[in-house]
Amino acid sequence: MEDVLSISKVSKHFKSFILNNININIKENCITGFLGKNGTGKTTLIKIILGLVHKDEGEIHYFSNPNLNKKDIKDRLGVVLDEGYFYDNLTLNEMKDLVSSTYTNWNNKKYENYIKRFKLDGKQLISSLSKGMKMKYALALALSHNADLLIMDEPTSGLDPEVRKELMQILSEYVQQDGKSVFFSTHITSDLEQVADEIIIINNGEILEQVSKDELLEEYRLIKGNNEILEKLNKSDLSLINKTNYGFSAITNKYEKIRKEFPEIIIERTNLNEIFLAKTEVY
Ligand SMILES: Nc1ncnc2c1ncn2[C@@H]1O[C@H](COP(=O)(O)OP(=O)(O)OP(=O)(O)O)[C@@H](O)[C@H]1O
């Protein structure tokens with residue numbers, strides 16, 4: 001599997017925040033989720049990838065091809081940013097005319113199909129779009145110029161569950177086409193649970209981990225037992241400890257070791273949200 005994006009040793013220093021030594025790879029035909037809490041550097045890294053923020057150090061290789069120029073790269077990236085970057089006083093179709101003229105492979109048929117599918121009206125003013133409609137419009141533009149890598153910054157934030165589900169469905173369909181990939185940032189783990197193949201976790205400006213979703217879900221377990229067991233366990237093996245008079249629960253990646261020592265312990269699968277919280281709590 002080829003890397004569509006390879007980022008090595010990228011850093012950015014702001015006055016009160018450092019994006020530090022970022023090394024990640026985005027794989028072809030995968031949905032890669034970029035997971036991090038608020039203010040951990042997701043938008044900054046996405047803007048660096050798009051050339052909207054200058055990096056201080058490091059290298060970014062696009063589509064495993066060192067010969068691509070800026071225009072080639074722009075043509076192959078489909079972008080959906082949180083802020084939208086649209087002119088409110090234009091209609092959807094007028095804005096589309098502006099955007100489409102900057103791409104080599106604009107496909108108006110595709111655009112019209114997406115507008116129809118998303119139940120948008122091309123004659124409507126951008127200022128009249130709700131948050132969810134705006135995201136769908138941005139997605140229609142991003143998907144209509146034959147991009148190979150769709151990069152989205154927090155596309156699901158503020159959307160209702162139905163629209164989020166629809167978006168995840170579209171992303172899944174998109175990566176089933178040969179050579180198409182998706183990279184999107186989020187702090188909503190349930191989105192990733194549904195569609196992501198690969199997960200990159202960022203915390204305080206540093207990458208904690210890049211791992212397949214299935215591996216990540218295998219790594220941790222929820223354990224439950226009585227409080228005498230909790231007393232004997234090494235607390236540094238546990239996260240998110242919840243203790244009551246009747247017993248305790250906790251998240252751990254040392255569940256095999258704990259099972260050997262305390263066979264009576266209850267071990268259950270856990271979800272991405274708990275794993276994410278455990279990882280960002282420990283570090
Ligand atoms: N131009 C800038 N100048 C100074 N600091 C900045 C600039 N842009 C971002 N930052 C800081 O960098 C940090 C990371 O911000 P960033 O927007 O990348 O986080 P994020 O993970 O996308 O957060 P959120 O989920 O809230 O959107 C923040 O502390 C922010 O204040």
Side-chain angles (χ1 to χ4, degrees), residues 4-26 31-60 62 73 77-86 129-139 142 149-161 163-164 167-168 171 181-196 198-211 213 216 271-283:
V4 286
L5 204 63
S6 159
I7 298 179
S8 60
K9 299 181 183 165
V10 163
S11 296
K12 175 75 189 175
H13 300 251
F14 289 128
K15 206 169 169 197
S16 54
F17 178 81
I18 300 173
L19 191 65
N20 189 26
N21 190 30
I22 304 295
N23 295 285
I24 54 173
N25 301 307
I26 313 297
I31 296 181
T32 302
F34 189 29
L35 181 61
K37 295 178 185 172
N38 290 130
T40 48
K42 301 182 298 296
T43 301
T44 303
L45 184 63
I46 285 180
K47 286 188 173 169
I48 289 174
I49 293 169
L50 300 175
L52 299 172
V53 166
H54 289 289
K55 56 186 168 12
D56 295 330
E57 291 148 51
E59 302 272 329
I60 303 181
Y62 299 84
I73 293 169
L77 296 179
V79 178
V80 178
L81 290 176
D82 201 16
E83 297 129 61
Y85 291 102
F86 303 128
L129 297 178
S130 69
K131 197 173 165 69
M133 288 159 93
K134 217 174 211 173
M135 193 284 298
K136 286 182 185 177
Y137 176 60
L139 186 62
L149 171 60
L150 193 57
I151 297 185
M152 313 176 82
D153 190 18
E154 302 264 3
T156 58
S157 82
L159 301 186
D160 70 44
V163 180
R164 273 168 45 200
L167 171 63
M168 293 304 130
L171 300 186
S181 317
V182 172
F183 178 58
F184 78 97
S185 71
T186 185
H187 55 263
I188 304 172
T189 49
S190 57
D191 294 340
L192 300 178
E193 203 123 33
Q194 209 183 321
V195 297
E198 190 89 353
I199 293 179
I200 295 171
I201 302 178
I202 185 167
N203 202 34
N204 298 329
E206 298 195 348
I207 301 297
L208 284 187
E209 194 161 19
Q210 170 163 5
V211 65
K213 180 184 70 187
L216 194 58
N271 58 40
L272 216 47
N273 195 44
E274 301 286 293
I275 296 172
F276 172 54
L277 290 175
K279 277 187 183 282
T280 47
E281 181 196 60
V282 169
Y283 282 81

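Counting convention: from 1, in listed order, for ligands and their atoms alike. Predicted model, so just to flag it, every value in this text is computed and none were measured. Counting begins at 1 with the first residue of the sequence.
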Which of V79, L171, I46 passes side chain to side chain contact (heavy atoms under 4.5 Å, CB included) with M152? It is L171
Heavy-atom closest pair, residues L272 and T189: CD2-O, 3.8 Å
Can you tell me how far apart CD1 (I188) and CZ (R164) are? Round to the nearest 0.5 Å. 4.5 Å
Could you please provide the protein residues found below 4.0 Å of ligand 1 on a heavy-atom basis, arranged by chain and number? F14, F17, K37, N38, G39, T40, G41, K42, T43, T44, E154
Can you tell me how far CG of D153 sits from CZ of F183, rounded to the nearest 0.5 angstrom? 9.5 Å
Non-hydrogen atoms of S181 and V4 that approach each other most closely: OG-CG1, 3.7 Å
Residue of the set K12, E57, H13, E206 for which side chain to side chain donor-acceptor pair (under 3.5 Å) holds with N20: E206
